[in-house]
Enquirer: 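This is the structure I have questions about; it appears just below.
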Amino acid sequence: MRFEQHLNQKQSQTQKLAMTQELQQSIQMLQYNTEDLLSFLEAKTLENPLMEVKIETDDYDSPIKNTKNYQQSDNDREWINELPDESISLFDYLIQQIHLNYRDTYLRKLVLFLVEYIDVNGYLSITLDEACQKTGATSIEMLDALTLLQMLEPTGVGARDLRECLMLQIEKDEEAPELAYIIVEEYFEELASRKWQVIEKAYQVELYEVQTIFDYIQKLSPNPGARFSQEKESYIIPDILVHVRDNNIEVLSTKSSTPKLIFQQAYFDKMTQAKDKEVEEYLKNRKSEFEWIKKGLLQRGNTILKVSEEIVKRQSAFFLEKDHPLVPMQLKEIAKAIDVHESTISRSVNGKYLETDFGIFELRSFFTVGLQQGESDEELSTSSIKKRIQELVNQEDKAKPLSDQKLVDLLLKEEIKISRRTVAKYRDELNIQSSSKRKRYEKQK
């Protein structure tokens, strides 16, 4: 009697453990993005001969499909320019030029040696003294080799610091401002920190002329090697499609984000004819595994679709209005609306993407923190406030840019109460420089 009771307890615990394992797998599938989900399923097919994964494609033609972080501009730039650069590496490009332009001499061997120490941004990562020690070359020979290296494309390659990188680009540019090279060489720190009165006095020039040189420098590349792809970019596969027609919003799941599982029935039937108990048990377990993975996959797709529908419903203005405003929204609101735990919403929106005709957006980007305004308890989203700060800066007099305190005062007039510290924080997040660094000097008419 006691023995039977002990056996029943053990069976109950085993069943509970199996349920927990299935639940963990379902949670895993929900938090995977499309790429990770495919990897997970492909790994399962290697373990389970009864399971086959089929990836379906969507019957629509989208120019932004499978492009990374695409945002359509007001000028409707051509989407083809957004495709990843699959050119050769910077290293291979430099090697080709060296063999093409320089004869096989000792000096060329030194140039080839230096190329080994060019980093992904195009900078030389070894000092000339270290290079001489490693090769036995003289300092003059190594400097000559560096000079040959710096004559190659992209312009600026082989520089040892940012200043030299800019000087190399200025030197090769026939349209560079007259004093640009010498100012970068002798007063680079002052130019960068906008201590322009020092430069004005040293060269007897007007501040607007320094401004012109500063604007020119801004257009040069600080990382000349960065345009060469070191590895292929990963593509975004959208999970959700949003179509807007006549102010009606349609939300759909993409086929490519929900792979189709196929049960290998013919193989199953063939193996069951063996009449072997171990084989039968194995097939039973593998079939059971197939069924709960298929169930979990379906549940994952349904959950992401439900969450997306609720997000689109609450953020309808983003899809319908030209300036795409966002309203404050939190995870718990969506969780309550579709009656699931907040953690489920978090897993559903991380790494999942929604595609519209004006770009691809991660689902979690639609959740914004709100600020309560005065007695009305009206909430403004952080993104809305940032947008207003950006607008005010864009409209300011560049000769007298708005300070953080002035931005606070202007926002307060619009009944947006926000501290100067918060304005500074948002300004930094928007990559807007301080007012002293935004000040421009123009030639007086």
Side-chain angles (χ1 to χ4, degrees), residues 71 73-75 77 121-123 150 154-156 159-224 226-227 323 385-414 416 418-445:
Q71 287 284 339
S73 70
D74 294 334
N75 296 325
R77 67 191 182 199
N121 291 315
Y123 286 86
Q150 291 178 343
T155 305
R160 289 162 287 183
D161 55 35
L162 177 59
R163 182 197 306 232
E164 187 174 35
C165 178
L166 298 175
M167 288 168 60
L168 288 169
Q169 294 176 66
I170 296 169
E171 189 177 26
K172 291 185 179 181
D173 185 3
E174 295 179 356
E175 298 181 1
E178 185 178 352
L179 294 174
Y181 185 92
I182 192 169
I183 287 176
V184 170
E185 183 179 27
E186 297 183 355
Y187 287 91
F188 181 62
E189 296 297 332
E190 290 79 3
L191 182 67
S193 58
R194 299 180 73 96
K195 296 176 181 177
W196 294 353
Q197 284 76 13
V198 178
I199 300 173
E200 177 190 28
K201 184 177 179 181
Y203 294 101
Q204 296 296 305
V205 294
E206 298 290 338
L207 284 175
Y208 77 84
E209 295 178 85
V210 183
Q211 178 75 66
T212 301
I213 292 172
F214 182 81
D215 292 343
Y216 167 77
I217 298 297
Q218 294 282 81
K219 296 176 182 178
L220 301 179
S221 173
N223 303 306
R227 68 183 178 88
D323 57 347
I385 297 173
K386 285 183 180 180
K387 181 180 177 183
R388 187 58 187 138
I389 291 173
Q390 183 72 68
E391 290 172 346
L392 289 171
V393 170
N394 290 344
Q395 296 164 7
E396 71 185 0
D397 180 356
K398 299 306 178 185
K400 298 178 181 179
L402 299 171
S403 66
D404 290 343
Q405 185 57 54
K406 186 62 178 176
L407 287 170
V408 169
D409 297 339
L410 291 173
L411 291 170
L412 189 57
K413 289 181 180 179
E414 300 176 13
I416 301 175
I418 186 173
S419 70
R420 185 178 62 81
R421 181 177 295 179
T422 304
V423 166
K425 175 188 172 185
Y426 289 172
R427 178 174 53 73
D428 287 341
E429 291 174 355
L430 290 166
N431 293 320
I432 298 174
Q433 294 182 317
S434 63
S435 57
S436 62
K437 292 186 177 181
R438 298 200 308 274
K439 182 177 175 64
R440 291 188 58 82
Y441 299 90
E442 304 291 348
K443 185 177 182 180
Q444 297 297 323
K445 297 180 180 179

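Excluded from the calculations below are hydrogen atoms, water molecules and symmetry mates; all remaining heavy atoms, backbone and side chain alike, are included. For this chain, numbers begin at 1 and follow the sequence in order.
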Enquirer: Just by distance, do the side chain of Arg194 and the backbone of Lys437 share a donor-acceptor pair under 3.5 Å?
Expert: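 At least one qualifying donor-acceptor pair exists.
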
Enquirer: State, to 0.1 Å, how close Leu402 and Ser435 come at their nearest heavy-atom pair, and which atoms those are.
Expert: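 So the minimum-distance heavy-atom pair works out to O-CB, 3.4 Å.
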
Enquirer: State, yes or no, whether a side-chain contact exists between Ile389 and Leu392 at a heavy-atom distance under 4.5 Å.
Expert: no

Enquirer: Can a donor-acceptor pair be found, under 3.5 Å and without considering hydrogens, that links the side chain of Asp173 to the backbone of Gln169?
Expert: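 No, Asp173 side chain to Gln169 backbone: no donor-acceptor pair under 3.5 Å.
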
Enquirer: After noting the C-alpha distance and the side-chain angles of Arg440 and Asp215, does the key distance pass the side-chain contact (heavy atoms from CB on, under 4.5 Å) rule?
Expert: CA-CA 10 Å; Arg440 291 188 58 82; Asp215 292 343; 2.5 Å; yes

Enquirer: To check you understand the geometry: which heavy-atom pair defines the closest contact between Glu200 and Val205, and what is its length?
Expert: CG-O, 2.9 Å

Enquirer: Assess whether atom NZ of Lys172 is packed by more than 12 heavy atoms of other residues, nucleotides or ligands within 6.0 Å.
Expert: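 For Lys172, atom NZ is crowded (more than 12 foreign heavy atoms under 6.0 Å).
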
Enquirer: Is it the case that more than 12 heavy atoms not belonging to Lys406 sit under 6.0 Å from its NZ atom?
Expert: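 No, the 6.0 Å shell around NZ holds no more than 12 heavy atoms from other groups.
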
Enquirer: Identify the two heavy atoms, one from Ile385 and one from Ile418, that lie closest to each other, and give their separation to 0.1 Å.
Expert: CG2-CD1, 3.8 Å

Enquirer: Shortest non-hydrogen contact from Arg420 to Gln405?
Expert: CD-OE1, 3.6 Å

Enquirer: For the backbone of Gln390 and the side chain of Arg427, can you confirm whether one donor and one acceptor N or O come within less than 3.5 Å of each other?
Expert: no

Enquirer: Taking atom CD as the centre, does Gln395 end up with more than 12 heavy-atom neighbours from other residues, nucleotides or ligands that are less than 6.0 angstrom away?
Expert: yes

Enquirer: May I ask you to test the Val393-Lys398 pair for a side-chain heavy-atom distance under 4.5 Å?
Expert: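 Val393 vs Lys398: side chains touch.
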
Enquirer: Which one of Phe188, Tyr441, Tyr187, Trp196 satisfies the ring-ring contact (aromatic ring centres under 6.0 Å, His included) criterion with Phe214?
Expert: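 Exactly one candidate clears the test, Trp196.
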
Enquirer: Please check this pair: side chain of Glu185 against backbone of Tyr181, looking for a donor-acceptor N/O pair closer than 3.5 Å.
Expert: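 Looks like no, no N/O pair under 3.5 Å.
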
Enquirer: Would you check if Leu166 and Leu162 make a side-chain contact, meaning some heavy-atom pair closer than 4.5 Å?
Expert: yes

Enquirer: Cut-off 3.5 Å, side chains only: do Glu164 and Gln150 have a donor facing an acceptor?
Expert: yes

Enquirer: Counting only N and O atoms by type, is there a donor-acceptor contact under 3.5 Å from the side chain of Glu209 to the main-chain atoms of Glu206?
Expert: yes

Enquirer: Give me the atom names and distance for the closest heavy-atom approach of Ile183 to Ile213.
Expert: CD1-CD1, 3.5 Å

Enquirer: With a 4.5 Å heavy-atom cut-off, do Pro224 and Cys165 have their side chains touching?
Expert: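 Of all side-chain heavy-atom pairs linking Cys165 with Pro224, at least one is under 4.5 Å.
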
Enquirer: Okay, side chain of Arg388, backbone of Leu411: is any donor-acceptor separation there less than 3.5 Å?
Expert: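 Looks like no, no N/O pair under 3.5 Å.
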
Enquirer: Please give me the minimum heavy-atom distance between Ala226 and Asn121, naming the atom from each residue.
Expert: CB-OD1, 4.0 Å

Enquirer: Using the ring of Tyr203 (Phe, Tyr or Trp, six-membered ring only), decide whether Lys201 places NZ or CZ under 6.0 Å from its centre and within 45 degrees of its axis.
Expert: no

Enquirer: For Glu189, does its backbone N or O pair with a side-chain atom of Ser193 as donor and acceptor, under 3.5 Å?
Expert: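 Pair found, side chain donor or acceptor close to backbone of Glu189.
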
